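Working notes, beginning with the structure itself.
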Number of protein chains: 2
Amino acid sequence: MQSYTEENYLKVIYHLSEISHPVQTNAIADRIQTKAASVTDMIKKLSEKELVHYVKYQGVTLTEKGKLTAINIVRKHRLWEVFLVDKLNFKWDEVHEVAEELEHIQSNLLIERLDEFLDYPKVDPHGDPIPDKNGNFAEMTFVKLSKLKNGDKGNITGVSEHSSPFLKHLEKLGLTLGKRVEVIDVVEFDGSVELLLEQEKLNISREVAKHILITKN
Amino acid sequence: MQSYTEENYLKVIYHLSEISHPVQTNAIADRIQTKAASVTDMIKKLSEKELVHYVKYQGVTLTEKGKLTAINIVRKHRLWEVFLVDKLNFKWDEVHEVAEELEHIQSNLLIERLDEFLDYPKVDPHGDPIPDKNGNFAEMTFVKLSKLKNGDKGNITGVSEHSSPFLKHLEKLGLTLGKRVEVIDVVEFDGSVELLLEQEKLNISREVAKHILITKN
DNA sequence: TTCTTAATTTAGACAAATCTAAAAATAATT
DNA sequence: AATTATTTTTAGATTTGTCTAAATTAAGAA
Ligand SMILES: [Mn+2]
Ligand SMILES: [Mn+2]
Ligand SMILES: [Mn+2]
Ligand SMILES: [Mn+2]
C-alpha cells in the first residue's frame, strides 16, 4: 500500500515516461510543484520499495510493479472523470481537480462496481484511454490536427491539453469529442487551420490545432 | 481548510458530543485509535483554529464553526453511503469504510450534484439522517426495540450499531430498514424479544434488540 | 581539454501527526 | 483529610514529506 504522495509521484513518473527515458528529477519537480531535493528523497524511497529503478544523476524508470500501480491510479482517475461527466453533469473542464482526489480512494470493489455502473467506458471525457483492471489499454490511433493536410477529414477523439481555459475554448467553438471536421486550408503565414465543422467554416490557431487529436477516416 | 486528520477529529468529537459534555480526551483517543497524548496535541491545534472550545483537564466542545464543519463531513459520509448502496449495489455492511475515505473529498459542487443525483435522500442506509447543505437535520423520532412492550408495533427505521457482523446478522434475519415488526413477548429470563415479522415468529437477543431503532405506529 | 553552467544530490532543518515515559491534575476511596 | 487511582498533560523522540543552502556530478562551450 502506498501513501497518497507516493501514488502521485508514481503517476507523474508514469506520464513523464512517455516523453523521456529515464525520467529526470527536475521534470518530476516541475510537475509535482516541489523542489528537486524533495524529489530525490522520494525517489530513494520508491527505489527502496522497488517501485522504480534509480540511477544516481541519471533518473528513474518504473519497475513492472511501479508501472502497474501507476496504471491503476490512471484507471481510477479516468473512471471518476467519466462518472463526473456522465452521471453528475460536470463539464469536461471541471473534472480533473476532483479526480485528482478521488483517484486515491482505496477500494477494489468500489472501482470495479463503478466501472460496471458506467458500462465499462473505453475512454475518459478527454479521449484518454481507460486501462482495464489488468492494466491493458485499447490501442488508440490519433494524429494531431496540426499535422493534417488540406482535404483531410476525421473525428475529434482526444485532446492533449487538459487545462480549463483550453477546454472551455474548444467547447465554445463547438470542437468537442466525436465531432467531424475537415481541413480546408492550412494558412502558410501563421500555420492556423481553416476547417469545416458541421457545414460551418472555422479558423483555429496552430497552437490550438496542436492539442486536438483526430482519428482520420 | 482542514487536514484529513483534523476532519476526523472534528467528526469524532461531534459524535461523542451526543453522549457527554464536554468530550474527554480518552474518549476521543479510543475512537480514533490513538493515544491520549496525541489527542491533547490535536485538541490544542483545533482550539487555536477556534474549531473547539478547550478547558485543560476538562475536555472539549465544538464551537459553532467546528460543529458546522463536522456536520458537513457527516453529510458527505452519509451521501456517499447512499450512493454506494443505491447506485453501486453495495450491501449496508460494506459502505462505512469506503465512506470514511470519500467523506474527505473537497468539492462543494461534487457533493451538491451527488445529492441531486441521489434525489436528495433524507436518511442513509443505516437510517441515520442526512443534514442538508445548511447543516439542518430532519428530526427523527425512534425508540430502541428493546424498550418496546408486548403488543407494540412499528417499523425498523435505523440501527445504532454499524459493525459488519451486526448488520450481516440483521440481514440474515430479515430485519432490514422499513420492515414492520410487532413485539409478541419480552422474555423475562434473559430480556430476549419474541417478535412477529411478516407473519413469521422470531426471537432476538436483548443485545440485538438494543441496537434496532423503531418508529412506533 | 579546461572552464563554465546546469542538474542533481547531500546536509541540516522544519511542520504535521504520532508515540513512550514521566509529571501534574483531578477524581475516587479509605 | 489523606491516600490511592485515574485521567490528562508535558517533554522529548520519531516518521513522512518538505525546504534552503551547499557540495557534487554531468554536460556544454571555448
Ligand atoms: Mn484528468
Ligand atoms: Mn482525463
Ligand atoms: Mn458510516
Ligand atoms: Mn451510515
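Numbers restart at 1 for each chain; the letters A, B, ... are given by sequence-line order, proteins then strands. Keep in mind that this is a model prediction, so the values were computed, not measured.
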What is the minimum heavy-atom distance between A:Ser192 and A:Asn203, and which atoms define it? OG-ND2, 3.4 Å
Distance, rounded to the nearest Å, where A:Gln2 contributes CD and D:dT16 contributes P: 14 Å
Does a side-chain N or O of A:Thr34 approach OP1 or OP2 of D:dC19 to a distance below 4.0 Å, or not? yes
Is A:Tyr4 touching bases, backbone alone, or none of the nucleic acid, heavy atoms closer than 4.0 Å? nothing
Can you check nucleotides 2-6 of chain C for protein contacts, nitrogen or oxygen pairs under 3.5 Å, and list what you find?
none

Please encode protein proximity along nucleotides 6-11 of chain D as a string of B, S and -, counting only heavy-atom distances under 4.0 Å. -SBBB-
For a side chain to side chain donor-acceptor pair (under 3.5 Å) with A:His104, tell me which candidate from A:Glu7, A:Gln2, A:His77 qualifies. A:Glu7
Looking at B:Thr63 and B:Glu50, what are the two nearest heavy atoms and their distance? OG1-O, 2.9 Å
Specify the separation, in whole Å, of atom CD1 of B:Ile28 and atom P of C:dT18. 12 Å
Under-4.0 Å salt bridge between B:Lys210 and B:Glu207: yes
Whole angstrom value for the distance that separates P of D:dT16 from CG of A:Asn8: 17 Å
Side-chain H-bond candidate by donor/acceptor type, A:Glu161 with A:Ser163, under 3.5 Å: yes
For the rings on B:Phe83 and A:Phe83, is their centre-to-centre separation under 6.0 Å? yes
Find out whether A:Lys149 and A:Val183 are in side-chain contact, i.e. whether some heavy atom of one side chain is under 4.5 Å from a heavy atom of the other. no
Without decimals, in angstroms, what is the distance between A:Glu6 CD and D:dT18 P? 10 Å
May I have the distance from A:Leu46 (atom CG) to D:dT18 (atom P), rounded to whole angstrom? 11 Å
Atom-to-atom span, NZ of A:Lys35 to C1' of D:dT18 - whole angstrom: 10 Å
d(CD, A:Glu48; P, D:dT15) in whole Å: 14 Å
Side chain of B:Asn134, backbone of B:Asn136: donor and acceptor closer than 3.5 Å? no
Any luck finding a side-chain donor-acceptor pair between B:Glu171 and B:Trp92 under 3.5 Å? yes
